[in-house]
Amino acid sequence: MNEESLREKEGSKTPVSFIEQFIIDDLKEGKNNRRIHTRFPPEPNGYLHIGHAKAICLDFGMAQKYGGKCNLRFDDTNPVKEEVEYIDSIKEDIHWLGFDWEELEFYASDYFGKLFDFAVDLIRRGLAYVDDQPAEVISAQKGTPSQPGVESPFRTRSITENLDLFERMNKGEFDEGSRVLRARIDMTSPNMHMRDPIIYRIIKAAHHRTGEAWKVYPMYDFAHGQSDYFEGVTHSLCTLEFEVHRPLYDWLIDQLKKDDYRPRQIEFNRLNLSYTMMSKRRLLELVQEGKVSGWDDPRMPTLCGLRRRGYTPESIRRFIDLIGYTKFEAINDVSLLEHAVREDLNLRAPRVFGVLNPLKAIITNYPEGKVENVTIINNPEDESMGKREVPFSREVYIEQEDFMENPPHKFFRLAPGMEVRLKGAYIIKCTGVKKSENTNTIEEVYCTYDPDTRSGGHASEKKVKGTLHWVSAQHATDAEVRLYDRLFNHEDPAGQKEKDYREFLNPGSLKILKGCKLEPSLKSARPLDKFQFQRLGYFCVDYDSNEGSLVFNRTVPLRDTWARINK
RNA sequence: UGCUCCGUGGUGUAAUUGGCAACACGUCUGACUCUGGAUCAGAAAAGUUCAGGUUCGAGCCCUGACGGAGCAACCA
């Protein structure tokens, strides 16, 4: 980034995060040749969720804004936890979100050779040693956060012996767990991570990329910073829990670096969303235990889940923009995410008629067999989306909730003797109901219409309190509609000391409605097509859908002040 | 009990580096409306965890409390 364009960025009034400020300062000071280079480093052990989206937007976003590059690097240092299946999904999700790493696709496993050489170098300089003690002993010697550790009896082993042992560890001569390589730093450090951290362990599982080539694998701390260094990364952005790792990150870079260049680790707050849970391990449990239908269950906070639910990448990026990056571990309200989709879909989603809980209304004075096409505006927010014709006839479906025999005060819908407009068509008046003999439930309502009130017609200015959506019964197409609510009924389901998160699963998080009636134009809708069902919410065609049997997911309901009043 | 980090309306973030605490979501009014949506206009809501100190002046600097989070995988 040159000085001129940097000054330009500075001139803009929009506040920048503390991270962006660091980047600006580093650029101004001329660090690393005025270069910015970031990386997004997922471990391929699960699907990306919206928390990763926060990191992706930062990593790719900063590089983009300041004329830099962003690498996609798979942090694949633990062959027993990682699978190729995840790599493809991760790439797909990043692209879907709207970012591109171009040719910069890397793997920590690409550096196993260099990392091994660096470890050997540390041994030669007396900065690493092979420890023969079992895990429990090493762990006990580490001390506790408030008590210093004690040194391993193997700490003073000769360089020659260490070199020999480390080579043989990698040849597979020793069992898993029998020996590790440790950095020799300081067993009394107040920082636990500096107490001779383990940097290599023996794992005899096949790696998805390097196969059987290695028997020893580097730990996260020994791979991450060095990978940054090898790739020329300048700003290594990660979440707050790695803050205490930074001294080790810097220590290792100090041993590795040969000139002025050095990557800098900066930590920000991870995303916590109310009523949801972000831990990959627990999300995997939900999938494995069948609590959800899969990683892409529309109730999951995964990117594939949100996509299936009907969220747009724009809305997710917008949400992340709204919450910002700080060092305060906050719980962000899901309603802000919902606001972001509504804001986006309001501008883009065509409005259609869909009746979720149908009730047949018969317009007794409308000629039998007659069909009129009424013209409906596709999106009042965007004239360019045009208009369409919707068939109207003597029998229509309306929403059960839109009719009450004995309505309360301020009920602006249909009730005996009351008038409402059927949107885009006529004003109707309820004249009676038909109830079932035994259960007393309402089966049909009878109405009359006023032929002068057709929308756009000469007497169409007549005002009524309510406007209902409707679908012509003989033209309707049936559909299944899946309604979603929050997966958990606790604000912080995973953060409760005494209780397992499973106890907070919301039993009503999925409601399946069958026999919903949709306007005929929806027959040709394809998976992921998004609509606003007028007066109800935003809906998206599910993958399970096909021309013969439509399936819709409710992304989010519309704001509903009437429902709020009646709570 | 050690170390590291963090405390600003209900929630999440700002405050151009010490100068009238601002924005968004949410909430509540009112207008408009053939979506109880959207849009528009407005309101309530924090004196910045607390106590000292420096200063003409502190959310910002200093000291000390209090509160929260993280750190003791051969996970990342």
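Values below: all heavy atoms of this structure, side chains included; hydrogens, waters and symmetry mates excluded. Below, read A as the first sequence line, B as the second, and so on, with proteins coming before strands; counting in each chain starts at 1. Note that the structure is a prediction, hence the values are computed from the model and not measured.
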Need the glycosidic conformation of [N]: syn if within 90° of 0, anti if not. Which one?
| N | result |
| --- | --- |
| B:U17 | syn |
| B:G52 | anti |
| B:A73 | syn |

Does [X] get its side chain close enough to the base of [N], under 3.5 Å, for a donor-acceptor pair?
| X | N | answer |
| --- | --- | --- |
| A:H193 | B:A72 | no |
| A:Q532 | B:U35 | yes |
| A:E338 | B:G26 | no |

Does a nitrogen or oxygen in the side chain of [X] sit under 4.0 Å from OP1 or OP2 of [N]?
| X | N | value |
| --- | --- | --- |
| A:S139 | B:A73 | yes |
| A:N191 | B:A72 | no |
| A:R564 | B:C28 | yes |
| A:R559 | B:A38 | yes |
| A:R195 | B:A72 | no |
| A:T467 | B:U33 | no |
| A:S146 | B:C3 | no |
| A:R201 | B:A76 | yes |
| A:T326 | B:U13 | yes |
| A:R342 | B:C25 | no |

Watson-Crick or G-U wobble partner of [N], both distances under 3.5 Å:
| N | value |
| --- | --- |
| B:A72 | none |
| B:A58 | none |
| B:G18 | none |
| B:C23 | B:G12 |
| B:U1 | none |
| B:U49 | B:A65 |

Quiz item: Pick one: which of A:N272, A:N269, A:T239 meets side-chain hydrogen bond (donor to acceptor under 3.5 Å, both in side chains) with A:E329?
Solution: A:N272
Distance, [atom1] atom - from [M] to [N], rounded to whole angstrom:
| N | M | atom1 | result |
| --- | --- | --- | --- |
| B:U4 | B:A43 | C1' | 43 Å |
| B:U33 | B:U27 | P | 24 Å |
| B:G64 | B:C71 | C1' | 25 Å |
| B:C75 | B:G18 | P | 46 Å |
| B:A46 | B:G2 | P | 37 Å |
| B:U29 | B:A44 | P | 15 Å |
| B:A31 | B:G36 | C1' | 15 Å |
| B:A21 | B:G59 | P | 8 Å |

Practice problem: For A:Y220 and B:A76, say yes or no: do the ring centres fall under 5.5 Å of each other while the ring planes differ by less than 30°? | Solution: no
Quiz item: B:G36 base stacked by A:F412? Criteria: ring centres under 5.5 Å, plane angle under 30°.
Solution: yes
Sugar-phosphate only, base, or nothing, as touched by [X] at under 4.0 Å among non-hydrogen atoms:
| X | value |
| --- | --- |
| A:A330 | sugar-phosphate |
| A:D221 | nothing |
| A:P148 | nothing |

Take the protein atom [atom1] of [X] and the nucleotide atom [atom2] of [N], then report the distance between them rounded to whole Å.
| X | N | atom1 | atom2 | value |
| --- | --- | --- | --- | --- |
| A:F319 | B:U13 | CZ | C1' | 12 Å |
| A:F268 | B:C5 | CZ | P | 18 Å |
| A:L347 | B:A38 | CG | C1' | 9 Å |
| A:I331 | B:G7 | CD1 | P | 16 Å |
| A:D344 | B:A24 | CG | C1' | 17 Å |

Exercise. Using a strict cut-off of less than 4.0 Å between a Lys/Arg side-chain nitrogen and an Asp/Glu carboxylate oxygen, indicate whether A:K280 and A:E43 qualify as a salt bridge.
Key: no
Quiz item: Should the pair A:R535-A:E399 be classified as a salt bridge under the 4.0 Å nitrogen-to-oxygen rule?
Solution: no
Self-check item: side-chain hydrogen bond (donor to acceptor under 3.5 Å, both in side chains) assessment of A:Y129 paired with A:D196
Solution: CA-CA 9 Å; A:Y129 62 96; A:D196 289 12; 2.6 Å; yes
Exercise. Could you please spell out the steps behind the side-chain hydrogen bond (donor to acceptor under 3.5 Å, both in side chains) verdict for A:E82 and A:H208?
Key: CA-CA 8 Å; A:E82 293 144 13; A:H208 67 105; 4.5 Å; no
Self-check item: Toward the 5' end of RNA chain B, by each residue's nearest nucleotide, A:D76 or A:K327
Solution: A:K327
Quiz item: Taking the six-membered ring of A:Y275, is NZ or CZ of A:R486 closer than 6.0 Å to its centre and within 45° of its axis?
Solution: yes
Quiz item: Is any side-chain heavy atom of A:R270 closer than 4.5 Å to a side-chain heavy atom of A:K54?
Solution: no
Quiz item: Would you say the side chain of A:F112 lies within less than 4.5 Å of the side chain of A:T210, judging by non-hydrogen atoms?
Solution: yes
